[in-house]
Amino acid sequence: MRIGIAGITGRLGALCVEEVAASGLELSGGLARKADPQKRIMTDPAQLAACSDVVIDVSSPAAILANAEAFAQAGCGWVIGTTGFGAAEELAIRAAATRIPVLRAANFAPGLTMLLDLARQLGARLPAHEYDAEILETHHRQKRDAPSGTALAIGERLAEGRGVALNDVMEVNRSGVRGEEAIGFASLRAGQIVGEHSLILTSGTEQITLSHRAFDRRVFAQGAVKAARFVAGKPAGLYEMAEIFGG
């Protein structure tokens with residue numbers, strides 16, 4: 001099985017290289033802004049797709065459109081760990097999923113995958129008018145998107161359980177009193193924190209907190225390689241991390 005890595009020179013991309021090797025799989029090459037033939041690093045996504053069975057994409061939102069076309073054209077699987085993209089990128093991902101297997105995850109950690117399922121269950125069982133929902137996320141100072149893709153995924157699952165669209169109830173930039181049945185987000189950026197997320201549900205008489213803390217980025221690389229193994233040979237479609245764990 002040949003695995004390519006888009007964003008191979010980044011911190012997570014470098015860990016993915018190590019985990020591919022540790023799993024006994026073949027590294028077909030990588031994508032970066034500057035080519036390095038000796039290390040099989042290239043700049044053309046079509047070139048990487050041509051020699052890969054699956055590409056793990058931990059690059060940037062700016063690369064999504066070109067990657068979607070190249071990977072779909074080549075017929076290779078696509079594992080996406082990039083967050084912070086917009087409507088055009090969302091459409092490109094969904095279009096690619098009609099031609100190739102695509103697994104998209106805001107977070108590859110097994111524990112966070114389980115938290116997402118719990119968020120949906122809590123949303124379905126605890127009335128929104130009784131339990132105020134707040135999502136707190138903390139990351140390293142270099143992270144560009146806020147709220148994080150993982151925080152938004154938690155909010156989406158909670159909103160799904162409540163039977164509402166997240167865009168209709170989310171509060172990010174606040175002033176004044178919180179909205180009725182709102183899902184609030186708070187983002188902190190400091191130092192080199194890998195990633196911390198908490199879903200806090202508070203009523204007049206109790207509080208429930210679900211938290212996940214990543215100590216090492218390697219957990220994301222390990223999850224990405226598991227995702228690559230999962231999508232290899234799958235029919236075209238859009239897959240989730242929960243399916244790897246029987247969800």
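Keep in mind that this is a model prediction, so the values were computed, not measured.
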S.K.: Using side chain to side chain donor-acceptor pair (under 3.5 Å) as the criterion, list what pairs up with Q222, not counting sequence neighbours.
M.R.: none
S.K.: Identify, with sequence neighbours excluded, every residue that meets ring pair (Phe, Tyr, Trp, His ring centres under 6.0 Å) alongside F230.
M.R.: Y239
S.K.: Does the distance from a Lys or Arg side-chain N to an Asp or Glu carboxylate O, for R94 and E89, drop under 4.0 Å?
M.R.: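 No, this pair does not count.
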S.K.: Salt bridge or not for E160 and R120, using N-O below 4.0 Å?
M.R.: yes
S.K.: Taking E181 first and then R162, would you say they form a salt bridge - that is, a charged N and a carboxylate O separated by under 4.0 Å?
M.R.: no
S.K.: Taking ring pair (Phe, Tyr, Trp, His ring centres under 6.0 Å) as the cut-off, I'd like each qualifying pair that reaches into residues 32-56, sequence neighbours left out, listed once.
M.R.: none
S.K.: Any pair with a residue in residues 160-218 that passes ring pair (Phe, Tyr, Trp, His ring centres under 6.0 Å), sequence neighbours left out, goes on the list, sorted by first then second residue, please.
M.R.: H139-H197
S.K.: Using salt bridge (Lys or Arg N to Asp or Glu O under 4.0 Å) as the criterion, list what pairs up with D145, not counting sequence neighbours.
M.R.: K143
S.K.: Using the side-chain contact (heavy atoms from CB on, under 4.5 Å) criterion, which residues pair with S52? Sequence neighbours excluded.
M.R.: S28, L48, V55
S.K.: Please identify each residue that fulfils side-chain contact (heavy atoms from CB on, under 4.5 Å) with A186, with sequence neighbours left out.
M.R.: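 Testing A186 for side-chain contact (heavy atoms from CB on, under 4.5 Å), a comparison that skips the adjacent residues, returns L136.
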S.K.: Please name all residues satisfying side chain to side chain donor-acceptor pair (under 3.5 Å) with R33, sequence neighbours left out, ordered by chain then number.
M.R.: none
S.K.: Without hydrogens or angle criteria, can the side chains of T202 and Q207 be said to hold a donor-acceptor pair below 3.5 Å?
M.R.: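 Yes, Q207 and T202 have a side-chain donor paired with an acceptor closer than 3.5 Å.
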S.K.: I'd like to know if K234 pairs up with E243 as an ion pair, taking the criterion as any Lys NZ or Arg NE/NH1/NH2 lying under 4.0 Å from an Asp or Glu carboxylate oxygen.
M.R.: no
S.K.: Using the ring pair (Phe, Tyr, Trp, His ring centres under 6.0 Å) rule, collect all pairs that involve residues 146-169, keeping only residues at least two apart or in two chains.
M.R.: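 Of all non-adjacent pairs touching residues 146-169, none passes ring pair (Phe, Tyr, Trp, His ring centres under 6.0 Å).
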S.K.: Which pairs pass ring pair (Phe, Tyr, Trp, His ring centres under 6.0 Å) with one or both residues in residues 77-133, sequence neighbours excluded?
M.R.: F71-W78
S.K.: Salt bridge between R178 and E134, side-chain N to carboxylate O under 4.0 Å?
M.R.: yes
S.K.: Holding to side-chain contact (heavy atoms from CB on, under 4.5 Å), I want the full list of residues that pass it with A22, two or more places apart in sequence or in another chain.
M.R.: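 Checked A22 against side-chain contact (heavy atoms from CB on, under 4.5 Å); matches are E19.
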S.K.: side-chain contact (heavy atoms from CB on, under 4.5 Å) with T98: which residues, sequence neighbours excluded?
M.R.: none
